[in-house]
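Here is the structure we will look at.
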Amino acid sequence: MPNLTMFIPSDTMPSDEALARLTARCTQLCLDILKAALGNVHIIYVPVRHGRGHRVFAEIRYRLEPSRTPAIMDAFMEELDNAIQSDTGLVARIRCFGYAASAIHARH
């Protein structure tokens, strides 16, 4: 963790080049702000059929850590918002979900 999933309407999915730039920026945000290990950062883009609301829905799932305070998460969301707008031209609805390590059961 963190796992960053962006749901983007298939008809407005950015180019591969734009997604590569966004992936690099998001990875760096996870490393610099959240202090995540590179091997634990996962970023995926899911094409969707848009119903209503913001054109991008970004969902971040992360392990709760003492260093990931509300202020840190606010800074992360602000930078993530800037990256998404800059690299896609779209405004995202961003939601962060923190989980205690004892509540996470995972493989690989």
Side-chain angles (χ1 to χ4, degrees):
M1 282 184 139
N3 298 328
L4 171 56
T5 304
M6 290 189 219
F7 301 91
I8 303 172
S10 53
D11 63 339
T12 58
M13 184 64 73
S15 69
D16 290 345
E17 295 80 18
L19 292 179
R21 282 192 309 273
L22 183 56
T23 298
R25 290 181 69 183
C26 291
T27 300
Q28 205 59 50
L29 290 175
C30 290
L31 299 175
D32 294 346
I33 297 177
L34 299 183
K35 306 300 184 204
L38 180 59
N40 293 335
V41 175
H42 301 277
I43 300 170
I44 64 170
Y45 304 97
V46 180
V48 297
R49 292 181 59 188
H50 186 256
R52 75 181 251 67
H54 287 82
R55 300 292 290 171
V56 177
F57 184 84
E59 182 177 278
I60 301 91
R61 295 177 184 269
Y62 65 97
R63 182 172 297 141
L64 292 172
E65 298 286 347
S67 63
R68 294 177 181 163
T69 63
I72 291 295
M73 295 311 298
D74 282 343
F76 175 79
M77 287 190 293
E78 182 175 341
E79 291 299 321
L80 178 61
D81 191 30
N82 292 338
I84 292 168
Q85 286 187 45
S86 173
D87 291 325
T88 70
L90 302 169
V91 176
R93 183 175 192 109
I94 300 171
R95 295 293 180 262
C96 297
F97 303 94
Y99 298 89
S102 63
I104 300 170
H105 306 279
R107 227 195 292 192
H108 306 290

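- Arg25 and Ser86 are linked by a side-chain donor-acceptor pair at a separation below 3.5 angstrom, with hydrogens and angles left out of the test.
- Under a hydrophobic clustering in which Ile, Leu, Val, Met, Phe, Trp and Tyr are joined whenever their side-chain heavy atoms come within less than 4.5 Å, directly or via other members, Ile44 and Phe57 fall into the same cluster.
- Within the 4.5 Å cutoff, no side-chain heavy atoms of Pro14 are placed close to those of Leu22.
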With side chain to side chain contact (heavy atoms under 4.5 Å, CB included) as the test, would you mind laying out the steps for Ile60 and Leu80 before giving the verdict?
-> CA-CA 10 Å; Ile60 301 91; Leu80 178 61; 3.6 Å; yes

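- In this structure, the separation between CE on Met73 and SG on Cys96 is 4.0 Å, given to the nearest 0.5 Å.
- His54 places no side-chain N or O within 3.5 Å of a backbone atom of Ala58 that could act as its donor or acceptor partner.
- Nearest heavy-atom pair, Val41 versus Ala36, reported as atom, atom and distance to 0.1 Å: CG2-CB, 3.9 Å.
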Go through the steps for Leu29 and Phe76 under the test side chain to side chain contact (heavy atoms under 4.5 Å, CB included), then give the verdict.
-> CA-CA 7 Å; Leu29 290 175; Phe76 175 79; 3.8 Å; yes

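- Partner Gln85 forms a side-chain contact (heavy atoms from CB on, under 4.5 Å) with one of Asp81, Asp87, Thr88 and no other, that one being Asp81.
- Using a 4.5 Å heavy-atom threshold, the side chains of Arg63 and Arg68 count as touching.
- Here the CZ atom belonging to Phe7 is positioned 5.5 Å from the CD atom belonging to Glu59, to the nearest 0.5 angstrom.
- Scanning both residues, Ile43 and Cys26, for their nearest heavy atoms gives CD1-CB, 3.6 Å.
- The side-chain contact (heavy atoms from CB on, under 4.5 Å) with Met6 is formed by just one residue from the set Val46, Leu90, Ile84, Ile94; it is Ile84.
- You'll find the side chain of Leu38 reaches within 4.5 Å of the side chain of Leu31, heavy atoms only.
- Judged purely by distance below 3.5 Å, without hydrogens or angles, the side chains of Tyr45 and Thr23 pair a donor atom with an acceptor atom.
- Between Ala100 and Leu64, the closest heavy-atom pair is N-CD1, 3.7 Å.
- We find that Asp11 and Arg55 are joined by a salt bridge, their nearest charged nitrogen and carboxylate oxygen being less than 4.0 Å apart.
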Give the intermediate values and the outcome of side chain to side chain contact (heavy atoms under 4.5 Å, CB included) for residues Leu4 and His42.
-> CA-CA 6 Å; Leu4 171 56; His42 301 277; over 6 Å; no

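- With sequence neighbours excluded, no residue forms a side-chain hydrogen bond (donor to acceptor under 3.5 Å, both in side chains) with Asp74.
- At a cut-off of 3.5 Å, with distance as the only test, a side-chain donor of Tyr99 or Arg61 sits close to an acceptor on the other residue.
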Could you walk me through whether Ile33 and Ile72 pass side chain to side chain contact (heavy atoms under 4.5 Å, CB included), step by step?
-> CA-CA 7 Å; Ile33 297 177; Ile72 291 295; 3.7 Å; yes

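- Contacts of Thr27 classified as side-chain hydrogen bond (donor to acceptor under 3.5 Å, both in side chains), with partners at least two apart in sequence or in another chain: none.
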